[in-house]
Each structure stands twice: as C-alpha cells, then as structure tokens.
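Along the sequence shown, the residues carry numbers beginning at 1.
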Amino acid sequence: MEATKIHLLGRDHTVVLPAFVEREELMLAFVEAQGRGGLTRLRVLSATLGLCTRIGRESGVDYPACKCDVLAYGGKVYGWLREKGVTPVDIATVATPLILQVVDATHPREVEVETREGFTEAGGGPTT
C-alpha cells in the first residue's frame with residue numbers, strides 16, 4: 001500500500017513523489033548507502049522526506065542549490081529535522097517505507113507490471 005501521508009513534526013504531510021530523475025537519484029543513493037554507515041542512510045532517508053513532502057520546502061533546503069546531490073541535500077534536511085527534535089529512529093521509521101515506494105515507482109517489479117491494465121503475454125513467435 002502506497003503512503004499518501006506521513007506523520008512527522010506533530011502533523012501529517014502529503015506524499016507526492018518527485019519527477020523520475022529525482023526518484024532515480026534517490027534510488028541510486030539508497031542502494032549505494034546500503035554498504036555505508038548509518039548516517040549515510042539517514043541522509044538518503046532525509047532527502048527522501050524532503051523531496052517527497054513539504055518538509056523540504058519548510059526546511060529551506062533547495063535541491064538544485066545542493067547541486068542535486070542527494071547526500072548534501074539529505075544532510076541539510078537531516079540537520080534541520082534533528083534541530084526540530086526528530087530522532088534518527090523517527091526518520092528511519094517514516095522514510096523507509098517511502099524510499100521503498102520511490103524505488104517501486106522508479107523500477108516496478110515484474111508482478112506489478114503484469115497487474116497493470118492492458119498487460120498481455122509476450123507473443124510466441126517473431127513479429128515479422
């Protein structure tokens with residue numbers, strides 16, 4: 001089930017996935033962060049919150065001003081969230097399902113593609 005809202009900072013925030021390029025940048029950063037330390041993952045998760053909700057705008061952090069660098073942007077959003085009293089556990093709890101939603105929206109799994117309306121099985125022979 002896709003999240004349409006998240007609850008953080010004492011209120012609900014509507015989730016709107018960013019454009020494909022930003023989703024792909026988040027996804028690649030998330031994959032790369034798996035082999036790195038916890039703070040790197042928290043930066044990616046914070047960037048996800050910033051790019052998918054109004055948290056980014058509220059924090060005053062601008063993605064293009066960060067040269068579209070997920071870790072730089074996420075670090076600034078993370079710092080802002082921490083200054084507001086949000087714990088790393090809160091960030092991970094709210095943002096982990098959201099980054100998985102971003103990944104699924106960027107590269108749907110085969111089962112998701114098959115369930116889309118109008119899906120047909122591949123033909124048995126050549127088309128020429």
Side-chain angles (χ1 to χ4, degrees):
M1 172 122 195
E2 292 184 358
T4 57
K5 292 191 183 290
I6 61 150
H7 189 80
L8 200 62
L9 297 167
R11 62 191 188 285
D12 289 336
H13 302 271
T14 301
V15 171
V16 178
L17 296 184
F20 182 84
V21 172
E22 287 84 5
R23 290 194 321 260
E24 192 167 56
E25 289 167 346
L26 285 170
M27 181 196 68
L28 292 172
F30 181 67
V31 169
E32 290 174 5
Q34 298 312 303
R36 299 176 80 183
L39 188 53
T40 300
R41 281 184 53 122
L42 285 168
R43 284 176 174 238
V44 173
L45 293 173
S46 296
T48 302
L49 291 171
L51 291 172
C52 294
T53 71
R54 66 179 174 219
I55 289 170
R57 190 170 48 254
E58 289 178 7
S59 71
V61 182
D62 183 62
Y63 190 60
C66 292
K67 299 182 182 177
C68 297
D69 182 315
V70 171
L71 294 181
Y73 174 77
K76 289 183 179 197
V77 173
Y78 174 79
W80 181 83
L81 288 168
R82 295 290 285 131
E83 287 177 358
K84 295 289 184 186
V86 180
T87 68
V89 171
D90 292 337
I91 293 168
T93 300
V94 172
T96 298
L98 193 51
I99 187 65
L100 297 176
Q101 187 175 332
V102 167
V103 169
D104 286 345
T106 308
H107 293 286
R109 295 178 297 251
E110 184 176 338
V111 73
E112 292 167 334
V113 173
E114 289 176 358
T115 61
R116 290 193 179 168
E117 187 176 29
F119 178 79
T120 58
E121 292 290 328
T127 58
T128 57

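Under the rule for a salt bridge (charged side-chain N to carboxylate O under 4.0 Å, His left out), the partners of Glu58 that lie at least two apart in sequence or sit in another chain are Arg11, Arg54. For Arg57, the salt bridge (charged side-chain N to carboxylate O under 4.0 Å, His left out) criterion is met by no residue, not counting sequence neighbours. Every residue was checked against the salt bridge (charged side-chain N to carboxylate O under 4.0 Å, His left out) condition with Arg36, not counting sequence neighbours, and none meets it. Scored by the side-chain contact (heavy atoms from CB on, under 4.5 Å) test, Val16 finds Thr14 as partners (sequence neighbours excluded). Glu83 meets the side-chain hydrogen bond (donor to acceptor under 3.5 Å, both in side chains) test with no other residue; sequence neighbours excluded.
Taking 4.5 Å as the limit, some side-chain heavy atom of Val102 sits within range of a side-chain heavy atom of Ile99. No side-chain heavy atom of Leu49 sits less than 4.5 Å from a side-chain heavy atom of His13.
Note on Val44: it does not cluster hydrophobically with Val31, by side-chain heavy-atom contacts below 4.5 Å among ILVMFWY residues.
To the nearest 0.5 angstrom, Glu32 atom CD is 10.0 Å from Met27 atom CE. The line from CG of Leu45 to OG1 of Thr93 is 10.0 Å long, rounded to the nearest 0.5 Å. Atom CD of Glu25 and atom OG1 of Thr48 lie 11.5 Å apart (nearest 0.5 Å). We find the CZ-CD1 distance between Arg43 and Ile91 to be 12.0 Å, quoted to the nearest 0.5 Å. Remark: Leu26 CG to Leu51 CG distance equals 5.0 Å, nearest 0.5 Å. Atoms CD1 and NZ, on Ile55 and Lys84 in that order, are 11.5 Å from each other to the nearest 0.5 Å.
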Can you list, pair by pair, the side-chain donor-acceptor contacts under 3.5 Å of residues 70-81, counting residues two or more places apart and other chains?
{"from": "Tyr73", "atom 1": "OH", "to": "Gly50", "atom 2": "O", "distance (Å)": "3.3"}
{"from": "Tyr78", "atom 1": "OH", "to": "Arg82", "atom 2": "NE", "distance (Å)": "3.4"}

